[in-house]
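Below is one structure, written out as structure tokens, with a few remarks after it.
Numbers for residues simply follow the sequence, beginning at 1. Here the structure is a predicted model, which means the values were calculated and not measured.
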Amino acid sequence: MTLQKNVHTFHIPVMGLAFTIDSPVRVAQYGIDSVISIMDDDLIEKMTAFYAEKFKQPYEEITQKVEDFRAKRITNYLNLLDKVVTQKFESFKSEIIEKSTQLEDFIAILPSSSELKMKLENLIASGKSNMIELKNILDHHFTPGSIDVNIMTKIDKDNFDNDEQLPVIYNDAHAALRGFVNSTTNSSVIFSAGLNPRLYSYMESFDSFYPNADGQFQKKIILKVSDFRSALIQGNFLAKKGLWVSEYRIESGLNCGGHAFATDGFLLGPILEEFKNKKEELVHSAYTLFTQALTSKNKVVPNEPPVLKITVQGGVGTATEHQFLLDHYQVDAVGWGSPFLLVPEATSVDVATRKLLANAKEKDLYLSTISPLGVPFNTVKGMTNDFYKNQRIVSGKAGSSCPKKYLALSKDYKKEGTCSASKKHQDKKIEELETRRDSISLKAYTKEYNSITEKSCLCVGLANASHIELGIPIKGQDQGVVVCPGPNMAYFSKEVFLKDMIQHIYGTKEIENHKNRPNMFLKELELYVAYLLKQINDIFEKTPQQVKKWETFKLNLLNGIDYYKLVFQEKNLNFQKEFSIIELQLKALKFS
């Protein structure tokens with residue numbers, strides 16, 4: 001099938017719970033795709049109320065007493081976004097047609113490779129520009145950005161009603177998926193954090209994920225993956241059910257925002273090279289299984305494989321890097337996340353947090369263990385959430401009140417689950433630790449105590465920025481704001497207009513002096529070396545199995561360096577010295 005080109009060659013990935021919760025309302029009219037998290041239905045309900053009032057749309061509150069409230073809240077919000085985005089898009093298109101200055105500004109934010117840009121420039125250059133011709137070009141080549149949603153597959157908590165466990169379809173991720181499917185949006189659901197067989201199987205029950213008579217999908221599936229093997233396994237798993245993955249969104253294991261899923265030392269460049277070389281294998285392997293499954297289900301079977309896109313995100317920060325990813329790896333688009341946290345027109349961030357991010361340096365951005373999921377989490381020092389959390393620890397009242405319970409996934413103490421950031425959970429853990437106090441060293445006790453109490457309430461902390469920015473009241477215990485930028489945030493130091501950020505991406509305007517900024521591939525390598533060293537230093541008794549794992553990790557990094565040396569030499573990019581220094585350090589590293 002013919003690949004329909006987007007107007008832009010970048011998208012805005014999901015960031016936290018709140019930071020991109022309303023990005024489609026802000027940027028979709030310009031043709032920019034963005035992704036919202038649909039994990040927090042409480043925040044979503046508040047956003048529905050806020051935007052319904054702002055855009056004078058009808059609103060009726062969906063309380064937790066309503067059956068299937070979580071799914072219905074999500075559906076309502078997405079329907080509202082769909083309606084508002086359509087209105088804003090049509091209004092913006094009219095402005096382009098009627099106002100020459102608006103047309104010039106629009107052309108200025110389009111990439112040079114855009115067919116739309118070329119047609120608009122040719123029309124102006126011809127001197128025959130008129131509203132009818134301009135409207136025809138826009139009608140044929142300009143569409144609003146997609147309202148995509150993200151579901152983190154691990155966030156699939158069981159739910160209960162009066163101590164009775166509800167059926168699986170009422171689990172958090174299942175309900176979120178249903179809320180998306182029932183909406184009017186013609187967009188994609190992005191699954192992150194790995195394969196959830198139960199959730200993936202649930203998709204089989206929705207017709208909108210199957211191709212129609214024209215071979216098109218009302219709802220598309222995108223998988224966020226860290227390597228080719230994961231893509232092949234998950235893609236084929238879904239294809240056997242008659243479900244097609246329309247895009248694989250490759251994310252750097254460590255050079256990203258939020259939760260970081262490190263590979264075993266496999267670096268982004270070699271991973272992208274494998275996707276480029278084996279894309280046809282990915283397509284045809286899935287297509288064979290896909291058609292067999294569709295046939296067995298008496299569904300429409302496309303005559304050729306549906307479109308499959310490859311995109312990448314994680315650490316990109318310059319126009320040169322952006323274009324290199326498009327050209328060398330032939331990806332369809334590049335995700336730009338953390339830099340957009342400094343663009344008020346694109347993301348929902350309170351003033352204090354934007355200032356914190358703008359001032360953040362390399363030393364302030366770190367891979368933490370504050371997430372209740374037990375997955376490393378990229379964040380920044382100085383968050384207001386840290387202030388309130390430490391106040392509670394000092395006063396002997398560690399832990400959060402846990403009002404939302406989205407991460408209440410631990411079954412250690414009750415069947416409904418508890419969150420490891422909650423006061424109830426931490427009280428239990430500290431009580432257990434106290435029984436062993438006399439049998440362990442002070443150092444071991446302190447380390448374990450800190451490990452218990454460092455967990456942050458992400459459900460509230462990652463949502464508060466929108467409340468503060470939009471003036472929505474915050475109830476309950478003070479949690480402050482948790483923010484989750486990637487290491488790339490260190491190289492952006494000021495608030496930026498949307499137009500300027502887009503022109504920075506396309507190389508027509510430089511918003512920062514990036515002379516001292518490491519190349520994105522080099523930065524990722526440095527992060528992986530630091531990650532390996534920390535693992536080694538954190539383990540006192542090294543087992544043969546652990547040493548073997550580290551040796552493999554190290555070998556993968558060295559192979560990655562060899563790959564980069566060849567690629568950058570071929571492209572006349574001067575990073576040989578930096579890679580050679582790290583290579584020598586790695587070769588000297590011994591584990592026993």
Side-chain angles (χ1 to χ4, degrees), residues 14 16-18 20-21 35-49 59-82 147-185 187-209 218-224 238 241 243 372-373 402-411 414-419 458-460 462-463:
V14 67
L17 297 176
T20 56
I21 189 69
V35 187
I36 70 172
S37 168
I38 53 173
M39 172 185 156
D40 187 347
D41 62 273
D42 177 70
L43 172 63
I44 282 171
E45 182 65 18
K46 289 182 172 67
M47 297 302 289
T48 305
Y59 168 71
E60 186 175 337
E61 182 184 8
I62 297 175
T63 70
Q64 291 189 359
K65 295 178 180 179
V66 174
E67 184 186 359
D68 203 18
F69 67 90
R70 180 173 170 81
K72 288 176 180 175
R73 285 174 166 182
I74 291 166
T75 299
N76 265 15
Y77 184 54
L78 293 176
N79 288 349
L80 177 63
L81 289 186
D82 196 25
I147 306 169
D148 294 330
V149 305
N150 186 86
I151 294 177
M152 198 171 179
T153 57
K154 291 181 182 294
I155 314 300
D156 199 21
K157 175 176 61 69
D158 300 326
N159 285 307
F160 293 77
D161 183 16
N162 295 324
D163 279 344
E164 184 177 338
Q165 185 169 337
L166 296 172
V168 171
I169 63 166
Y170 293 102
N171 283 16
D172 282 357
H174 283 67
L177 178 63
R178 184 166 59 256
F180 165 70
V181 170
N182 290 337
S183 73
T184 57
T185 60
S187 58
S188 302
V189 57
I190 296 145
F191 293 107
S192 59
L195 191 153
N196 179 336
R198 206 163 52 174
L199 180 63
Y200 284 8
S201 297
Y202 184 47
M203 280 194 286
E204 285 185 89
S205 59
F206 300 110
D207 289 338
S208 53
F209 287 117
Q218 184 188 352
K219 309 285 184 184
K220 294 178 183 177
I221 300 167
I222 297 176
L223 297 185
K224 190 186 287 187
L238 289 167
K241 301 176 182 301
L243 302 170
L373 282 178
C402 197
K404 298 188 179 183
K405 297 180 171 56
Y406 299 128
L407 298 180
L409 303 173
S410 170
K411 301 288 187 178
K414 51 193 295 190
K415 64 180 181 179
E416 293 91 345
T418 57
C419 175
L458 299 188
C459 297
V460 176
L462 285 173

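Proximity of a side-chain donor or acceptor of N196 to a complementary backbone N or O of R198 within less than 3.5 Å is detected. Checking side-chain atoms of T418 against main-chain N and O of A408 turns up no donor-acceptor pair under 3.5 Å. Side-chain N or O atoms of D40 include none that pairs as donor or acceptor with a backbone N or O of L17 at under 3.5 Å.
Both the sub-6.0 Å distance and the 45° axial angle are satisfied by R178 relative to the ring of Y170.
At a cut-off of 3.5 Å, with distance as the only test, no side-chain donor of T48 or N76 sits close to an acceptor on the other residue.
Residues M39 and C459 are in side-chain contact: their nearest non-hydrogen atoms beyond the backbone lie under 4.5 Å apart. Under the 4.5 Å side-chain criterion, counting only non-hydrogen atoms from C-beta, D172 is in contact with Y406. Between L78 and V149, some side-chain heavy-atom pair lies under the 4.5 Å cut-off. Residues F180 and S187 meet the side-chain proximity criterion, which asks for heavy atoms closer than 4.5 Å. The closest side-chain heavy-atom distance from N150 to I38 is not below 4.5 Å.
With sequence neighbours left out, K157 forms a side-chain hydrogen bond (donor to acceptor under 3.5 Å, both in side chains) with N159. When the side-chain hydrogen bond (donor to acceptor under 3.5 Å, both in side chains) test is applied to S183, the partners found at least two apart in sequence or on another chain are T185, K219. Checked against ring-ring contact (aromatic ring centres under 6.0 Å, His included), F191 has the following partners two or more places apart in sequence or in another chain: Y200. Looking at residues two or more places apart in sequence or on another chain, you find no side-chain hydrogen bond (donor to acceptor under 3.5 Å, both in side chains) involving D163. For the side-chain hydrogen bond (donor to acceptor under 3.5 Å, both in side chains) test, residues two or more places apart in sequence or in another chain that qualify with K411 are D158.
To the nearest 0.5 Å, atom OG of residue S188 and atom CD1 of residue I147 are 11.5 Å apart. Atom-to-atom distance recorded for T75:OG1 and D82:CG is 12.0 Å, nearest 0.5 angstrom. From L43, atom CG reaches atom OG of S37 across 8.5 Å, with rounding to the nearest 0.5 Å. In this structure, CG on L243 lies 5.5 Å from CE on M203, to the nearest 0.5 angstrom. Note: L238 CG to F209 CZ = 10.0 Å, rounded to the nearest 0.5 Å. We find the OH-CG distance between Y202 and D156 to be 10.5 Å, quoted to the nearest 0.5 Å.
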*I would like to know whether L407 and L458 meet side chain to side chain contact (heavy atoms under 4.5 Å, CB included); could you show each step before the answer?*
CA-CA 8 Å; L407 298 180; L458 299 188; 4.2 Å; yes
_Verdict with supporting geometry, L409 and L373, side chain to side chain contact (heavy atoms under 4.5 Å, CB included)_ = CA-CA 8 Å; L409 303 173; L373 282 178; 3.6 Å; yes
*Give the intermediate values and the outcome of side chain to side chain contact (heavy atoms under 4.5 Å, CB included) for residues I151 and L199.*
CA-CA 10 Å; I151 294 177; L199 180 63; 4.3 Å; yes
*Trace of the side chain to side chain contact (heavy atoms under 4.5 Å, CB included) decision for E45 with Q64*: CA-CA 10 Å; E45 182 65 18; Q64 291 189 359; over 6 Å; no
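Taking all atoms of both residues into account, the shortest heavy-atom contact from I21 to M47 is CG2-CE, 3.7 Å. When all heavy atoms are compared, the tightest approach of S208 to V181 is OG-CG1, 3.5 Å. Heavy-atom minimum distance, K415 versus F160: O-CZ, 3.5 Å. Among all heavy-atom pairs drawn from A193 and K154, the shortest one is O-CE, 3.7 Å.
Sorted pairs that involve residues 187-196 and meet salt bridge (Lys or Arg N to Asp or Glu O under 4.0 Å), not counting sequence neighbours, are lacking altogether.
Considering K405, K404, R70, K72 in turn, R70 is the only one that fulfils the salt bridge (charged side-chain N to carboxylate O under 4.0 Å, His left out) rule with D41.
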